[in-house]
Chemist: 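Can you read through this structure? Questions will come right after.
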Amino acid sequence: MSKPAFTISTDASKLDVEMIHQFLSKESYWAKGRTRETVEISIKNSLCFGVYTQEQQIGFARVASDYAIFAWIMDVFVLPEYRGLGASKLLMRAVVNHEAFANLRRWGLMTHDAHSLYQQVGFQQLKNPEYFMEYLSKKK
């Protein structure tokens, strides 16, 4: 495949919610079984980034933030047939450089296998992991 031209948009009306739900609930390791309703609610309450080639959405990321201090990046993916063509790097650069997040002091994310991607845009291992805590709800 020759390298297609990619564009990034935060226009929620352009999002292919069916494709996003399909990928997250069926193909991702972190969101298997996620319901369409949950995907829709998460999109509604986040700033979402779509990656497009021509008019087809081929990638996604969403950010939950207070727009002042902190943001958490979630549900990042590029469809398998478009990986290795630069779409994920373009996506992540668009996310961390978006004007809405210009004053943030801290970003967070979790990944099982994409450390090198995130390191390319400035992420690093936690300096003080012992400071971090989590609460895992028993709800699905």
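Since this is a predicted model, take the numbers as computed values, not measurements. Sequential numbering from 1 along the given sequence is applied to the chain's residues. Because only heavy atoms are used, hydrogens play no part in the values below, and waters and symmetry mates are left out as well, while side chains stay in.
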Chemist: Are the aromatic rings of Phe6 and Tyr52 close, with centres under 6.0 Å apart?
Modeler: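 Between Phe6 and Tyr52, the centre distance exceeds or equals 6.0 Å.
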Chemist: Can you classify the ring geometry of Phe49 versus His98 as parallel (below 30°), tilted (30 to 60°) or perpendicular (above 60°)?
Modeler: perpendicular
Chemist: Do Leu117 and Phe123 pass the side chain to side chain contact (heavy atoms under 4.5 Å, CB included) test, and can you show the C-alpha distance, the side-chain angles, and the key distance before you say yes or no?
Modeler: CA-CA 9 Å; Leu117 166 64; Phe123 284 83; over 6 Å; no
Chemist: Hey, any chance Phe60 and Met110 share a hydrophobic cluster, counting ILVMFWY side chains that come within less than 4.5 Å of each other, even indirectly?
Modeler: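 Different hydrophobic clusters.
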Chemist: Is it the case that over 12 heavy atoms from other parts of the model lie below 6.0 angstrom from the NZ atom of Lys89?
Modeler: no
Chemist: According to a 4.5 Å side-chain heavy-atom criterion applied to Ile, Leu, Val, Met, Phe, Trp and Tyr, with indirect links allowed, do Leu91 and Met74 form part of one hydrophobic cluster?
Modeler: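 As far as the 4.5 Å side-chain criterion goes, Met74 and Leu91 are not connected within one cluster.
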Chemist: Does Lys44 come within less than 4.0 Å of Glu40, counting only side-chain N to carboxylate O?
Modeler: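 No, this pair does not count.
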Chemist: Could you tell me whether the side chain of Met92 reaches within less than 4.5 Å of the side chain of Ile73, counting heavy atoms only?
Modeler: yes
Chemist: Start with the C-alpha gap between Ser9 and Asp11, add the side-chain angles, then the distance that decides, and say whether side-chain hydrogen bond (donor to acceptor under 3.5 Å, both in side chains) holds.
Modeler: CA-CA 5 Å; Ser9 175; Asp11 181 349; 5.0 Å; no
Chemist: Is the number of heavy atoms from other residues, nucleotides or ligands under 6.0 Å of Ile69 CD1 greater than 12?
Modeler: no
Chemist: Might you work through the side chain to side chain contact (heavy atoms under 4.5 Å, CB included) test for Leu79 and Glu27, ending with a clear yes or no?
Modeler: CA-CA 10 Å; Leu79 294 175; Glu27 299 182 44; 5.6 Å; no
Chemist: Grouping I, L, V, M, F, W and Y whenever their side-chain heavy atoms are under 4.5 Å apart, do Trp72 and Val121 come out in a common cluster?
Modeler: no
Chemist: Dump the intermediate steps for side chain to side chain contact (heavy atoms under 4.5 Å, CB included) on Phe23 and Ser28, then the final yes or no.
Modeler: CA-CA 6 Å; Phe23 183 88; Ser28 74; 3.9 Å; yes
Chemist: Is the distance between the ring centroids of Phe70 and Trp107 under 6.0 Å?
Modeler: no
Chemist: Can you name the closest pair of heavy atoms from Ala94 and Ile8 and give their distance?
Modeler: CB-CG2, 3.7 Å
Chemist: So does Tyr29 have more than 12 non-hydrogen atoms from other groups sitting under 6.0 Å from OH?
Modeler: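 It does: Tyr29 OH has more than 12 such atoms within range.
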Chemist: So does Val39 get a backbone contact from the side chain of Ser42, meaning a donor-acceptor N/O pair under 3.5 Å?
Modeler: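 A pair under 3.5 Å: yes.
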Chemist: If you round to the nearest 0.5 Å, how far is NZ of Lys26 from CG of Leu24?
Modeler: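 One gets 11.0 Å once the value is rounded to the nearest 0.5 Å.
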Chemist: Looking at Lys32 and Ser25, would you say the former's side chain and the latter's main chain have a donor-acceptor pair under 3.5 Å?
Modeler: no
Chemist: Do Gln57 and Ile20 have side chains that approach each other closer than 4.5 Å (heavy atoms only, starting at C-beta)?
Modeler: yes
Chemist: Do you reckon Phe101 sits in the same ILVMFWY cluster as Tyr118, going by side-chain contacts under 4.5 Å, direct or chained?
Modeler: yes
Chemist: Is it true that a side-chain atom of Thr35 and a backbone atom of Thr38 form a donor plus acceptor pair closer than 3.5 Å?
Modeler: yes
Chemist: Quick one: do Phe132 and Leu104 end up in the same hydrophobic cluster if we chain Ile, Leu, Val, Met, Phe, Trp and Tyr together by side-chain heavy atoms under 4.5 Å apart?
Modeler: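 No, it is not one cluster - the side chains of Phe132 and Leu104 are not joined through contacts under 4.5 Å.
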Chemist: Find the distance between CG (Asp16) and NE2 (His21) and round it off to the nearest 0.5 Å.
Modeler: 12.5 Å
Chemist: So, does Asn128 use its side chain to make a donor-acceptor pair with the main chain of Glu130 at under 3.5 Å?
Modeler: no
Chemist: Could you give me the CA-CA distance, side-chain angles and deciding distance for Leu47 and Ser65, then say whether side chain to side chain contact (heavy atoms under 4.5 Å, CB included) is met?
Modeler: CA-CA 8 Å; Leu47 180 57; Ser65 179; over 6 Å; no
Chemist: Salt bridge or not for Glu18 and Arg36, using N-O below 4.0 Å?
Modeler: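 Looking at Glu18 and Arg36, the cut-off is met.
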Chemist: Nearest 0.5 Å, what's the CG-CZ distance between Leu15 and Arg62?
Modeler: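 It comes to 11.5 Å.
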Chemist: Would you indicate whether the side-chain heavy atoms of Ser46 and Val63 approach each other to under 4.5 Å?
Modeler: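 No - every pair of side-chain heavy atoms lies 4.5 Å or more apart.
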